[in-house]
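In what follows, a single structure is set out as C-alpha cells and then discussed.
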Amino acid sequence: MHVKIAIRQRLRKMALSPEYLEKNLDVVEKIEKATLRFVTQGLFDFRDEAKKIFEMESDLPADIGEDITREALDRLGVSKIYKRLYGKIDYKQARYVFHPEYTVKQALFVDSKAEKINGVQTATIQISQTSMIIRQRRGGREVEVSGTLPKFLVIDDGSYLTTTVFVKYHYRTIQNANRLEKILIVGLPNGLLQEHYNPHPLDTIWRAGRNAPSRGEPFRVRIHFPSLTTKAPWRVQEIRLYPEESFQWRD
C-alpha cells in the first residue's frame, strides 16, 4: 500500500502543480502560446479542405465551423489523457503539454464561431467559457462578473490547467454559396493572468455582449481583438484565404 502511494506521489511530480503555475505566470503564458500554435497549425494545414466544406455544405455556418475545427484538430492529434471533459464548448480534450523542462496536464477547450466578414473585431462568449473576471464599464457603470470556468479543472485526483481558444470563421455569401475568407484563432488568457490582461474596468479586453438584462437574457461579453493584441500580439492569429496570403505568425 505504501509503495503504491509513493509511486502516485512521484508521478504527480512529473507534471507541474497548480501551486507552481500560480507563482510562475510566465510559464502559463508559454503554455498558452504553444497551445495557440498547435491550434493555428491544425487549421492552417486544413485550410484548403475548410474552403471546400464551406462552399459545398448546406448546414448553418456555425455548425460547419464546429465540424471543421474538430476534424482539423483530430487530424493533427494530441497527447491524449483519457478523461472526459464537460462544458458548452465544441472541442474538448484532456491532454499533456510537453516541454523540455516540464510537463503540464491541460484541459483544452476550443470553441468555434462563424460570422459574416463585417464582424471582424470581436467574438461573443458566455461566462462559462472563461476563468477570468470580466471587468468593464457597461451602461455607464463599472461591472465585475466572474467567469465560471475554473482556472484548474479537477478530474479524479488530478488538476488540469484550463486553456480556452476561440476559432472564428469569417465568410461571405456569394450566389447562395458561402465563401470562407479568413480564420481568426484567438487565445483567451487563463484567469491566473487577470492582472495583466484586465486589472480594472478601464483597462480591459472586453466589450458589452449582445444580451438584454431587462429581458432576463444571460450575461454575455465580447472579446475585443484589438485590445487583446495590444496586450499580446500573438494571442490573435489570422489565416487569410481570399485572397490567400502566405501566413506569418504574429509575435
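Predicted, not measured: the structure shown is a model, and the values here were computed from it.
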Side-chain heavy atoms of T69 within contact of D90, under 4.5 Å: no
pair L180-I53: side-chain heavy atoms closer than 4.5 Å: no
Same apolar cluster: M132 and F225, side chain cutoff 4.5 Å: yes
Student check: side-chain heavy atoms of L228 and P189 closer than 4.5 Å: yes
Heavy atoms from other residues, nucleotides or ligands near NZ of K231 exceed 12 (cutoff 6.0 Å): yes
Nearest non-hydrogen partners of A72 and L43, listed with the distance: CB-CD2, 4.0 Å
Same apolar cluster: L76 and V78, side chain cutoff 4.5 Å: yes
Polar side chain donor-acceptor pair, D111 to T164, under 3.5 angstrom: no
Backbone of P226 reached by a side-chain donor or acceptor of T229 within 3.5 Å: yes
Salt-bridge present (D45, R75; N to O < 4.0 Å): no
Separation of Q93 CD from R70 CZ (nearest 0.5 Å): 12.0 Å
Check against side chain to side chain contact (heavy atoms under 4.5 Å, CB included), Q129 and F109: CA-CA 8 Å; Q129 295 176 318; F109 297 96; over 6 Å; no
L108 and F38: CA distance, side-chain angles, deciding distance, side chain to side chain contact (heavy atoms under 4.5 Å, CB included) verdict: CA-CA 11 Å; L108 174 60; F38 159 73; 4.0 Å; yes
Within-4.5 Å side-chain heavy-atom neighbours: E49 and E71: no
Heavy-atom donor-acceptor pair, K113 side chain to T124 backbone, under 3.5 Å: yes
Verify same cluster id: I133, I127 (apolar side-chain graph, 4.5 Å): no
Pairwise distance OH(Y197) to CG(L188) - rounded to 0.5 angstrom: 10.0 Å
K30 NZ: over 12 foreign heavy atoms closer than 6.0 Å: no
Side chain N198, main chain H200, donor-acceptor under 3.5 Å: yes
Donor-acceptor contact present, side-chain K168 to main-chain T122, <3.5 Å: yes
Over all atoms of both residues, closest heavy-atom pair of V221 and R207: CG2-O, 3.2 Å
Stepwise side chain to side chain contact (heavy atoms under 4.5 Å, CB included) test for Y169 and I64: CA-CA 9 Å; Y169 298 91; I64 296 171; over 6 Å; no
Within 6.0 angstrom of Y96 OH, more than 12 heavy atoms from elsewhere: no
Distance in Å, Y160 OH paired with L153 CG, rounded so as to fall on 0.5 Å steps: 9.0 Å
Side-chain donor/acceptor of N178 to backbone N/O of Y171, under 3.5 Å: no
Within one Ile-Leu-Val-Met-Phe-Trp-Tyr cluster: V110 and I183, side-chain cutoff 4.5 Å: yes
Nearest heavy atoms of K33 and W234, plus distance in Å: CA-CZ3, 3.3 Å
Atom pair CZ (R138) and CH2 (W206), whose distance is rounded to the nearest 0.5 Å: 12.0 Å
Stepwise side chain to side chain contact (heavy atoms under 4.5 Å, CB included) check, H196 with L25: CA-CA 10 Å; H196 176 66; L25 299 183; over 6 Å; no
Main-chain N/O of A107 paired to T162 side chain as donor or acceptor, under 3.5 Å: no
Identified side chain to side chain donor-acceptor pair (under 3.5 Å) counterpart of E181 within the set R240, H170, R172: R172
Side chain to side chain, L21 and I31, heavy atoms closer than 4.5 Å: yes
Side chain to side chain, F166 and L184, heavy atoms closer than 4.5 Å: no
Where V154 and D156 come nearest, the two heavy atoms and their spacing: CG1-O, 3.9 Å
Results of salt bridge (charged side-chain N to carboxylate O under 4.0 Å, His left out) for R135 - residues two or more places apart only: E144, E195
Gap separating the CD atom of Q237 from the CD atom of Q248, nearest 0.5 angstrom: 10.5 Å
Residue pair F54 / A114: nearest heavy atoms and the distance that separates them: CZ-CB, 4.5 Å
Salt bridge R250-E238, side-chain N to carboxylate O under 4.0 Å: no
Short side-chain to backbone donor-acceptor contact, R95 and I81, under 3.5 Å: no
Smallest separation among heavy atoms of P18 and S159, with atom names: CG-CB, 3.6 Å
N190 side chain to K151 backbone, donor-acceptor under 3.5 Å: yes
Single-linkage hydrophobic cluster V165~L73, side-chain heavy atoms < 4.5 angstrom: yes
Any donor-acceptor N or O pair under 3.5 Å, side chains T163, Q106: yes
Close side-chain approach of T40 and W249, heavy atoms under 4.5 Å: yes
Distance (rounded to the nearest 0.5 Å) between L241 CG and R179 CZ: 10.0 Å
